[in-house]
Amino acid sequence: MTTHERPRVAGADPPLTHRLPSPRAPADGDLRSRLRWKSPDAIVVQVGGEIDLCTAGTLEATLAEHVRACPGVLRVDLGEVRFFGAAGLRVLVRAHRHAEAAGVHLVVDPGRSRAAVRALELLDELEPLLR
């Protein structure tokens, strides 16, 4: 008998095992973004779906494209986001730095998305560490 095995008692239930939850399956491109408003002074982009490692690149490319247009304000509406992972937070941090360098004011609005609200709350807590 090895040290991790225990003798079994006849008729006893097998021991309960504690398992970690299964990892979340990546969303294959389940990110929607659309331009809601565009003027020389402001751009509003609405984002919906899931922001994870598989979709973060698409979001980053979308935000970079709008920052290159150099509006006074770029507003990102996350009200329809169902999942917001760490990769999305990295995208927002990079987009903020890119926008600052271009003289664009980046506004991120979580709307009614609980996932976006939680992610932005975490980002606010981590902000001192990111400087």
Side-chain angles (χ1 to χ4, degrees):
M1 172 171 32
T2 61
T3 57
H4 67 277
E5 290 181 359
R6 294 182 185 205
R8 298 186 189 241
V9 177
D13 291 333
L16 295 175
T17 58
H18 297 283
R19 296 186 319 182
L20 294 174
S22 301
R24 187 180 161 283
D28 285 329
D30 187 22
L31 178 73
R32 297 177 312 279
S33 67
R34 70 181 182 96
L35 185 64
R36 274 191 21 205
W37 174 265
K38 184 172 185 174
S39 73
D41 298 328
I43 295 176
V44 178
V45 179
Q46 184 175 14
V47 179
E50 299 181 357
I51 302 173
D52 59 12
L53 189 59
C54 294
T55 60
T58 304
L59 178 61
E60 188 162 22
T62 299
L63 296 180
E65 174 187 342
H66 293 303
V67 167
R68 279 193 301 273
C70 288
V73 176
L74 173 58
R75 180 183 169 128
V76 182
D77 179 357
L78 301 174
E80 294 182 12
V81 171
R82 294 186 314 265
F83 177 83
F84 201 108
L89 290 176
R90 286 190 297 271
V91 167
L92 288 182
V93 169
R94 285 193 296 262
H96 175 70
R97 290 179 181 153
H98 187 215
E100 267 188 339
V104 175
H105 181 68
L106 180 67
V107 177
V108 180
D109 178 12
R112 293 181 177 218
S113 167
R114 185 66 191 138
V117 168
R118 285 189 315 231
L120 294 177
E121 286 173 351
L122 177 61
L123 190 57
D124 282 344
E125 300 230 355
L126 294 174
E127 184 180 12
L129 301 174
L130 299 174
R131 291 179 185 209

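All figures in this text were calculated on a predicted structure; none of them were measured in a lab.
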Peer 1: Donor-acceptor pair, distance only, cut-off 3.5 Å: does the side chain of Ser113 make one with the backbone of Pro110?
Peer 2: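 Answer holds: no.
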Peer 1: What residues, two or more places apart in sequence or in another chain, satisfy side-chain contact (heavy atoms from CB on, under 4.5 Å) together with Leu35?
Peer 2: Lys38, Ile43, Val45, His66
Peer 1: Considering all heavy atoms of both residues, which atom of Ala119 and which atom of Leu89 are nearest to each other, and what is their separation?
Peer 2: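 Ala119 and Leu89 have their closest heavy atoms at O-CD2, 3.4 Å.
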Peer 1: If hydrophobic residues (ILVMFWY) are linked whenever their side-chain heavy atoms come closer than 4.5 Å, directly or via other members, who joins Leu53 in its cluster?
Peer 2: none
Peer 1: Calculate, to the nearest 0.5 Å, the distance between atoms CG and CG belonging to Leu92 and Leu63 respectively.
Peer 2: 7.0 Å
Peer 1: Test of understanding: with side chain to side chain donor-acceptor pair (under 3.5 Å), list the residues that count as partners of Arg118, not counting sequence neighbours.
Peer 2: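 None.
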Peer 1: Taking salt bridge (charged side-chain N to carboxylate O under 4.0 Å, His left out) as the cut-off, I'd like each qualifying pair that reaches into residues 81-91, sequence neighbours left out, listed once.
Peer 2: Asp30-Arg82, Glu50-Arg82
Peer 1: By side-chain contact (heavy atoms from CB on, under 4.5 Å), which residues pair with Val44, not counting sequence neighbours?
Peer 2: Arg36, Trp37, Arg75
Peer 1: Side chain to side chain contact (heavy atoms under 4.5 Å, CB included), that's the test. Do Ile51 and Val91 meet it? Break it down for me.
Peer 2: CA-CA 10 Å; Ile51 302 173; Val91 167; over 6 Å; no
Peer 1: Can you name the salt bridge (charged side-chain N to carboxylate O under 4.0 Å, His left out) partners of Arg114, sequence neighbours left out?
Peer 2: none
Peer 1: Can you hop from Leu122 to Val81 via hydrophobic side chains spaced under 4.5 Å?
Peer 2: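 Same hydrophobic cluster.
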Peer 1: Residues in salt bridge (charged side-chain N to carboxylate O under 4.0 Å, His left out) with Glu80, at least two apart?
Peer 2: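 With sequence neighbours excluded, Glu80 shows a salt bridge (charged side-chain N to carboxylate O under 4.0 Å, His left out) to Arg32, given in chain and number order.
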Peer 1: What closest approach, in Å, do Thr55 and Leu31 show between heavy atoms, and which atom pair accounts for it?
Peer 2: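 Shortest heavy-atom separation between Thr55 and Leu31 comes out as O-CD2, 3.5 Å.
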Peer 1: Please tell me whether Leu106 and Val93 are part of a single hydrophobic cluster in this structure, the criterion being side-chain heavy atoms less than 4.5 Å apart.
Peer 2: yes
Peer 1: Could you tell me whether the side chain of Val117 reaches within less than 4.5 Å of the side chain of Phe84, counting heavy atoms only?
Peer 2: no
Peer 1: Return the set of residues passing side-chain contact (heavy atoms from CB on, under 4.5 Å) with Ala61 (not counting sequence neighbours), or none when no residue passes.
Peer 2: none
Peer 1: Show me the pairs that pass salt bridge (charged side-chain N to carboxylate O under 4.0 Å, His left out) and involve residues 55-73, at least two apart or across chains.
Peer 2: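 Every pair satisfying salt bridge (charged side-chain N to carboxylate O under 4.0 Å, His left out) with a residue in residues 55-73: Glu60-Arg94.
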Peer 1: Val107, Val67: one ILVMFWY side-chain cluster at the under-4.5 Å cut-off?
Peer 2: no
